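Because the structure is a prediction, the values reported are computed rather than measured. Letters go in sequence order (proteins before strands), and every chain restarts at 1.
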Amino acid sequence: MVKEIERAGVTVVHMCTVTPISMTVGANRIVPTIAIPHPLGNPALTHEEEFELRYKLVEKALKAFETPVDDQTIFD
Amino acid sequence: MLLVTNNEKVREKFGSLCTLQYVEGGHVDVLIHVRDLVHQGHKLLTHPLAGSVKPNETPFRSVALDDASGALDLESLELIEAALNVCRQFPPRFHRGEDAPADMREDFAEIDFRLIDGAIAPQLQ
Amino acid sequence: MSLRVVHYINQFFAQIGGEEKADYAPEYREGAVGPGLALNAAFKGEAEVVGTVICGDSYFNENLDAAKATVLKMISDAKPDVVVCGPAFNAGRYGVACGTVAAAVKDELNLPVVTGMYEENPGADMFKNKVYIIATKNSAAGMRDAAPKMASLAIKLAKGEKIGASAEEGYMPNGLRVNFFEAERGSTRAVKMLLNKLAGKPYTTEFPMPSFDRVAPGAAITDLAHTTIALVTSGGIVPKGNPDHIESSSASKFGRYDISSFEDLTAADHETAHGGYDPVYANEDADRVLPVDVLRKMEKEGKIGGIYPYFFTTVGNGTAVASAKKYGEAIGKELRDAGIKAAILTST
Amino acid sequence: MRLELGEIHISDIKLGDCSKVENGTLYVNVEELRALLLEDEDLASVDFEVVHPGESVRIIPVKDVIEPRVKVEGSGGVFPGMISKVTTVGSGKTHVLKGCAVVTTGKVVGFQEGIIDMTGPGAEYTPFSKLNNLVMICEPKEGIKQHQHEHAIRMAGLKAAAYLGALGKDVTPDETKVYETSGVMSGKEKYPDLPRVGYVLMLQSQGLLHDTYVYGVDMKKSMPTILNPTETMDGAILSGNCVSACDKNTTYHHLNNPVIHDLLEQHGKTLNFVGVIITNENVYLADKERSSDWSTKLAQFLELDGALVSQEGFGNPDTDLIMNCKKLEAAGIKTVIITDEYAGRDGASQSLADADPAADAVVTGGNANMVIHLPKMDKVIGHPEAANIIAGGFDGALEADGSITAELQVITGATNEMGFNKLSAR
């Protein structure tokens with residue numbers, strides 16, 4: 001899915017936990033996330049802490065959007 | 001060891017020897033169940049397309065996975081997805097065991113049993 | 001009676017002129033023109049070019065819809081049994097025009113059609129799975145090779161004969177595997193292939209592995225503060241109750257739901273349809289999969305321009321590659337048409 | 001090793017009261033052969049039919065095809081570990097009854113596969129339509145299990161082939177071919193400038209009806225090992241496989257392995273054929289990993305520059321094939337693989353169950369899903385009703401007029417993955 005959307009001229013940031021799969025499916029900008037059942041959250045945290053965690057992850061995604069890349073890149 | 005099957009014959013022999021999950025349904029239903037287990041971190045021990053009986057011919061399937069539920073095993077995931085993909089390409093001739101004529105059903109069941117038996121019996125000793 | 005052939009060529013091969021005449025409007029001429037004579041020779045009396053449609057390459061590509069309609073009408077009026085376009089060799093716009101005309105002849109006129117071009121012509125990738133394209137050399141010097149192959153395939157198609165494998169007929173592989181008998185047995189072919197591979201000489205695999213194709217990275221977004229971001233997920237987030245019944249695995253469709261009125265996703269309004277992982281966490285708070293809450297905050301802070309009013313959702317696990325590709329294409333098209341330049345895709 | 005293969009050309013088979021080979025005709029004393037075969041307690045009856053190329057005959061379902069051979073000089077006997085003792089074979093002199101074969105038929109399981117048509121469109125796809133065949137219809141005793149049944153038919157075929165082969169022991173061959181291989185060291189000295197090539201021969205070994213035996217050893221219980229190419233010509237490898245008719249390697253294929261013959265043809269000219277690595281296709285995934293590791297390790301041991309890999313069967317053997325290819329390529333050994341395809345009836349589906357970019361040199365035996373119409377034959381030997389339940393058959397594949405519409409995969413040997421045939425696909 002990543003490839004087809006990017007092929008249409010839309011820059012895609014793929015946020016996922018299993019980055020090797022992301023590499024396999026051809027994502028170019030990859031942001032690793034927390035865990036498979038809750039990629040952008042962590043139920044062990046309070047609601048506020050979780051929001052903060054998610055905010056930081058999405059900030060990484062924004063950073064990835066702004067960064068020119070030539071090849072598949074993981075934004076840790 | 002975790003054994004997933006829709007074959008009564010396999011359940012009879014291995015039900016008491018290892019953890020067995022019996023699937024009510026067809027070949028693809030077994031593979032989907034196995035796929036879900038792989039997502040839960042189980043590793044495949046046997047190939048999900050064992051045998052050269054075409055997957056759209058035989059209604060029976062038995063697959064062994066490990067007990068441990070660890071990190072997602074990518075090779076297992078690739079194998080099970082590829083197997084499902086092959087099955088989806090060809091519509092099944094018999095959706096479930098009971099759809100096959102009696103003598104064929106027995107033979108399909110026997111082959112599935114033998115294949116899994118040959119693969120896992122040495123591991124269970 | 002010989003079969004009636006209508007031939008489509010560009011201004012250059014019609015000897016009207018080069019780039020300066022590329023805006024030449026469609027014209028119909030009786031009989032064969034330019035390369036049509038080579039085709040006639042190759043038809044050996046079994047078929048004959050009865051008319052030629054000529055169109056400038058720029059004209060065709062810049063007035064696509066109108067030009068296509070005019071060209072199709074000219075072709076159809078000449079009542080052909082089969083249509084031949086080109087060959088275009090390595091001329092890019094000519095190749096795209098030949099492919100476009102050929103596909104339209106096949107789909108709209110329901111007539112058999114053959115075109116030809118060099119494998120790196122952009123028209124080849126665009127149309128090789130839609131119409132028969134004879135693989136030619138990269139310049140018009142390849143006319144002598146191309147004409148007999150195009151002529152022979154055109155006659156077979158016109159007569160409704162069985163079409164052989166790509167390697168036999170000379171057309172570009174079109175994704176459909178066709179059996180045929182080789183001159184040598186497989187083991188002999190394998191030994192020869194190995195000797196070539198060992199010697200570093202070229203060889204052609206008989207079965208190209210499915211392409212592990214890559215898409216070039218999209219452009220960096222320089223102005224996020226004014227960029228609308230679309231949200232896509234393969235984590236199966238759906239409005240509460242899963243109104244479209246997206247399957248928990250092997251999804252046969254994708255969902256598209258309005259989030260323009262949501263500041264935050266909660267257990268009251270969203271859940272997951274995903275069957276491949278423990279759904280509890282996503283059901284408690286769907287923001288854990290689709291970060292609507294933080295993006296709204298960023299929108300307010302002026303960090304991003306906004307969120308596309310609809311999000312797209314599917315279930316990653318078990319969804320066939322071909323389906324995922326289809327969904328991706330549909331989502332990509334909508335976003336492109338809406339002028340969206342950035343998308344976040346989350347996966348579980 | 002040096003093996004002389006004396007070919008006795010057989011142009012006809014006749015049933016009679018004396019077994020002999022005379023002037024190119026194989027005479028078979030049916031009663032004597034039947035008595036020999038019925039020594040097996042599991043068999044109730046054996047019937048014989050002779051079929052010739054071009055006759056309007058259909059054989060269904062075919063279990064195995066075996067070429068009669070006999071050891072004339074040198075150690076051991078044909079089909080070691082099954083018919084003869086386990087002594088190493090592959091040197092000396094062997095006689096072959098060329099142009100004929102033993103074809104065993106019998107319904108081991110309800111969906112038994114395999115058709116040989118001796119004429120018509122189906123005949124073009126099977127090499128066995130070009131042979132004079134002694135067809136043996138073997139019926140088991142009541143109540144025996146599938147694996148006993150398979151064993152009984154397999155042994156009957158081998159016994160018959162050895163019995164017939166022995167008739168050629170004292171016959172002067174029409175043609176003699178000499179196959180000579182070198183040792184690892186001597187080969188390197190003899191052909192210092194030729195690329196070192198090996199053959200990775202994958203053997204079906206998944207279990208019941210999917211087995212292959214090497215010197216009598218069930219291959220699924222063996223580690224990959226090395227054979228001298230000529231050993232296969234004396235029957236070191238025997239088929240116990242009944243499944244996937246189009247791409248199973250019959251015993252006939254093993255005896256006449258085309259990759260081995262073509263590599264020996266080039267040996268000393270364009271390449272140095274170092275040896276055959278046999279490996280298995282097991283169900284257990286750790287076995288697949290281990291076996292492909294080992295086949296690559298052995299290839300490195302032999303210091304190969306290049307390797308050919310052939311496959312048997314469909315589905316999970318694709319995984320073994322790709323593992324072997326990937327690992328060989330990663331070890332710097334240039335590799336070509338031979339397979340076949342299941343691309344759907346329209347040819348549009350994914351051909352293999354596994355794939356990798358390392359597999360960039362592939363030879364294909366064709367698309368097994370291609371639909372073929374087999375017209376009625378005047379005579380059907382075996383169990384015609386099997387056509388209805390054959391893999392790749394349609395429901396009601398056997399039409400009222402006796403014709404069959406089915407996929408190519410019903411035909412024995414049609415898409416052979418050793419590259420036995422000319423059929424291919426693009």
Considering the options L352(D), D340(D), V363(D), T339(D), which one meets the side-chain contact (heavy atoms from CB on, under 4.5 Å) requirement together with F207(C)? L352(D)
Do S424(D) and E206(C) have side-chain N/O donor and acceptor atoms under 3.5 Å apart? yes
Between R426(D) and E169(C), is there a salt bridge with N-O shorter than 4.0 Å? no
Based on non-hydrogen pairs under 4.5 Å, which of A167(C), P173(C), A165(C) is most in contact with chain D? A167(C)
Region of L308(D) that comes under 4.5 Å of a non-hydrogen atom in chain C: both
Side chain, backbone, both or neither of D360(D) within contact of chain C (heavy atoms, under 4.5 Å): both
Backbone N or O of L423(D) within a donor-acceptor pair of the E182(C) side chain at under 3.5 Å? no
Going from CG on L271(D) to CG on L194(C), what distance comes out if it is rounded to the nearest 0.5 angstrom? 7.5 Å
The interface call for Y203(C) against chain D, heavy-atom contacts under 4.5 Å, is side chain
So what's closer than 4.5 Å to chain D heavy atoms on A199(C): side chain, backbone, both or neither? neither
Using non-hydrogen atoms only, which part of P195(D) is less than 4.5 Å away from chain C: side chain, backbone, both, or neither? side chain
Measuring heavy-atom distances to chain C, does A361(D) have an atom under 4.5 Å in its side chain, in its backbone, in both, or in neither? both
Among A307(D), S349(D), A343(D), which has the most heavy-atom pairs under 4.5 Å with chain C? A307(D)
Presence of salt bridge, R177(C) and E341(D), under 4.0 angstrom: yes
Mind checking the CG-CD spacing from N421(D) to E184(C)? Nearest 0.5 Å is all I need. 14.0 Å
Just by distance, do the side chain of K197(C) and the backbone of T335(D) share a donor-acceptor pair under 3.5 Å? yes
Is R185(C) close to H261(D) at the side-chain level, that is, under 4.5 Å between some pair of heavy atoms? yes
Nearest-0.5 Å distance, OG of residue S187(C) to NZ of residue K422(D): 11.0 Å
Counting only heavy atoms from other residues, nucleotides and ligands, does the tally under 6.0 Å from NZ of K327(D) exceed 12? yes
Assess the residue pair Q266(D) and V191(C) against the criterion (side chain to side chain contact (heavy atoms under 4.5 Å, CB included)); give the C-alpha distance rounded to whole Å, side-chain angles, the decisive distance to 0.1 Å, and a yes or no. CA-CA 9 Å; Q266(D) 293 300 318; V191(C) 170; 4.0 Å; yes
Is the backbone of V362(D) close enough, under 3.5 Å, to the side chain of T205(C) for a donor and an acceptor to pair up by distance? yes
Please classify the contact of L195(C) with chain D as side chain, backbone, both or neither, using a heavy-atom distance under 4.5 Å. side chain
Given the options E265(D), E417(D), Q350(D), which has more heavy-atom pairs under 4.5 Å with chain C than any of the others? Q350(D)
Strictly distance-based, threshold 3.5 Å: is any side-chain N or O of N179(C) a donor or acceptor partner for the main-chain N or O of N367(D)? yes
Examine whether an atom of E124(D) lies under 4.5 Å from a heavy atom of chain C, and if so say whether it belongs to the side chain, the backbone or both; otherwise answer neither. both
Counting heavy-atom pairs closer than 4.5 Å to chain C, which one of S351(D), G366(D), G365(D), G344(D) comes out on top? S351(D)
On a heavy-atom basis, which atom in I322(D) and which in M209(C) lie closest, and how many Å separate them? CD1-CE, 4.4 Å
Does atom NZ of K333(C) have more than 12 heavy-atom neighbours from other groups under 6.0 Å away? no
What is the minimum heavy-atom distance between A348(D) and L176(C), and which atoms define it? CB-CD2, 3.4 Å
